[in-house]
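Here's the structure, in structure tokens; my notes come after.
Lettering of chains follows the sequences in order, A, B, ..., and the numbering in each one begins at 1.
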There are 2 protein chains.
Amino acid sequence: MPIIVKQAANLLDLFEFFATTGRPASLAELSEHFGWPKSSTFNLITTLVERGFLYEPRPRQGFYPTPRWLNLAQEIAHAEPLPDSLQDFLRDLARLSKETVWLAGSAGQHAVFLSVIESPHAIRYTAQPGKRVPMHATATGQALLCQMPDQRRAVLLRNATYERFGSGTPMTAGEVEAIIQQSLKRGWFMSASAYSQDLGGVSVPLPLNGRMLSATVAGPLFRMGSLMEETAVQMQAAVKRHFGKDYFNRHLPALHQLP
Amino acid sequence: MPIIVKQAANLLDLFEFFATTGRPASLAELSEHFGWPKSSTFNLITTLVERGFLYEPRPRQGFYPTPRWLNLAQEIAHAEPLPDSLQDFLRDLARLSKETVWLAGSAGQHAVFLSVIESPHAIRYTAQPGKRVPMHATATGQALLCQMPDQRRAVLLRNATYERFGSGTPMTAGEVEAIIQQSLKRGWFMSASAYSQDLGGVSVPLPLNGRMLSATVAGPLFRMGSLMEETAVQMQAAVKRHFGKDYFNRHLPALHQLP
DNA sequence: CAGTTTAGTTCATATATAAAGACCAAATGT
DNA sequence: ACATTTGGTCTTTATATATGAACTAAACTG
């Protein structure tokens, strides 16, 4: 249903492939690995080479991405950075909670993870930047939704596709809206197996100079279950420490402030 | 003639676009900027969003690449790094020569710039990682060619397309081979307007743990013209400083060593 | 060094896809 | 509150493109 541009997606696959293998790869290897016809693989590689994104570190030992990727990615990240204060804040959360923590933004009907610090526990929630979860069915997403103008939120929730992911998945726009209002009154957003099985999490909205973000702490329900309220208090305190005592008053008056 | 995968190239264009503008862009903006139909632009953006490579920093203010790009690029760069010693070496060359210096590897018939430090002079040679120049017609490329097994070099030179770029461009495989032999005997590779007009440069081959690299110092001919020999001596000395006194003996016995 | 296997390249064509245009929604201005 | 403009989405189809197959060149192997 969604229109995927095949060769753009293939290029991303290739990019991810090199990131995980970390080794040069020959045409034959790539063709084999992805199940692409040799000729197609050839064309794609040629394109990348022509544009200076792929080279041969060692003669006849295969191709590898040039530092150009890193260069461009750094320029991009540098121009519209997640402020250092945010990274500090995240690190703080990670340290206090010992669970996996992340920052998310929005993209259509989904929340996208922008920065992740994984828990040190062996059993933990695992994710990386770029991971997407449905906005309406997750605490992370709801903490984004609550920052939108009412009208836009209404539109988004109307167009959402309501699928049952777990026991607590909301199935109508009304339900989601109710959860959001209730969460604002409570002061934090909660998820407990609504989207990811056995996952418990606490999210807070985090508007920052016009950017619409949210922060989440999450882990296995058996660890998080009883600690949610406590985690929420910690999170709000951390927000105030990092972004100013009156941060919520100024940017999120609708959110209940915990003691 | 070369087969370019259009949508892969478009994706690269988009990537580069964000790196240069550094701002979020809406579908309409992108469509307008590239002259792509709205529908095509939509499809491409959708693909990127679906894969977690694009998000909306601010509601309705357009899309921007997620940190995922940076993440992957860092993993890639980290797994097969240009050693720090190489970067130090480059910096040293830049400081000594006050000209633009770079490191290059090979990709098909071209040399690709992997790392560049630009001259502080207002009039200087400008380049960035990913830039490609024909292997047979540049000092940078010839310094790579000389490291190949004779047979591979022969094949490459046979398949090369000989185009006249400037006064000194070699036009046959034989000419290139002669230049290479002569340069090895001299101890360094020279270019003077053979490919880039008014550009003078000195290159040395730089094989490093199996990798086939070359280093080049280049600037406008009016500055470099009389300093080539001197620059070459400095470069060889720098190589010995950074990679060991007997580096050339061990890795490049064919290269004449300057006093 | 000849024979065999593997790797890379080219090309015609069936097929998947990019794009034109119509449509819809939501801001913005009056 | 209405009209207008702007931004985003959907669908159909002509067309550009991905690919199978055939080919060439290089690397092994005994």
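- A salt bridge links B/Glu80 with B/Arg211: the distance from a Lys NZ or Arg NE/NH1/NH2 to an Asp or Glu carboxylate oxygen falls below 4.0 Å.
- For the pair B/Phe42 CZ and D/dG8 C1', the computed distance is 7 Å after rounding to whole Å.
- Looking only at atom types and distance, the side chain of A/Trp188 has no donor-acceptor partner in the side chain of A/Ser183 under 3.5 Å away.
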Please list each protein N or O that sits under 3.5 Å from an N or O in nucleotides 1-3 of chain D, with the distance.
none

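- A centroid separation of 6.0 Å or more is found between the aromatic rings of B/His251 and B/Phe243.
- Defined by atom type and a distance below 3.5 Å, a donor-acceptor pair is missing between the side-chain atoms of B/Asn43 and B/Gln7.
- A salt bridge is defined here as a Lys NZ or Arg NE, NH1 or NH2 lying under 4.0 Å from an Asp or Glu carboxylate O, and B/Arg68 with A/Glu16 meets this definition.
- Ring-centre distance between B/His136 and B/Tyr162: below the 6.0 Å cut-off.
- First and last contacting nucleotides of DNA chain C toward chain A (any atom under 4.0 angstrom from a heavy atom, 5' to 3' order): C/dG8 to C/dA27.
- The CD atom of B/Gln61 sits 17 Å away from the P atom of D/dT6 (whole-angstrom rounding).
- Within 6.0 Å of NE2 on A/His33 lie more than 12 heavy atoms contributed by other residues, nucleotides or ligands.
- With sequence neighbours excluded, no residue satisfies side chain to side chain donor-acceptor pair (under 3.5 Å) with B/Gln74.
- For B/Lys6 and B/Asp13, the salt-bridge test fails: no basic side-chain N is under 4.0 Å from an acidic carboxylate O.
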Letter by letter from the 5' end, nucleotides 15-30 of chain D scores (B base, S sugar-phosphate only, - none; protein heavy atoms under 4.0 Å) --SSBB-----SS---
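- Within residues 14-34 of chain B, the residues approached by DNA chain D to less than 4.0 Å at the level of any non-hydrogen atom are B/Ser26, B/Leu27, B/Ala28, in residue-number order.
- For A/Glu29 (side chain) and A/Ala25 (main-chain N/O), no donor-acceptor pair under 3.5 Å exists by modelled atom type.
- No side-chain N or O of B/Ser214 forms a donor-acceptor pair with one of B/Ser203 less than 3.5 Å apart.
- Note: A/Trp69 and A/Phe18 fail the aromatic proximity criterion, with ring centroids not under 6.0 Å apart.
- Between A/Phe17 and A/Phe34, the gap from one ring centroid to the other is short of 6.0 Å.
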**Item:** Test log, rule side chain to side chain contact (heavy atoms under 4.5 Å, CB included), inputs A/Val133 and A/Phe113
**Value:** CA-CA 8 Å; A/Val133 296; A/Phe113 291 17; 4.0 Å; yes
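- Atom CD of A/Glu32 has 12 or fewer heavy atoms from other residues, nucleotides or ligands within 6.0 Å.
- Rounded to 10 degrees, the angle between the two end axes of the helix from C/dC1-D/dG30 to C/dT30-D/dA1 is 50°, with five pairs used at each end.
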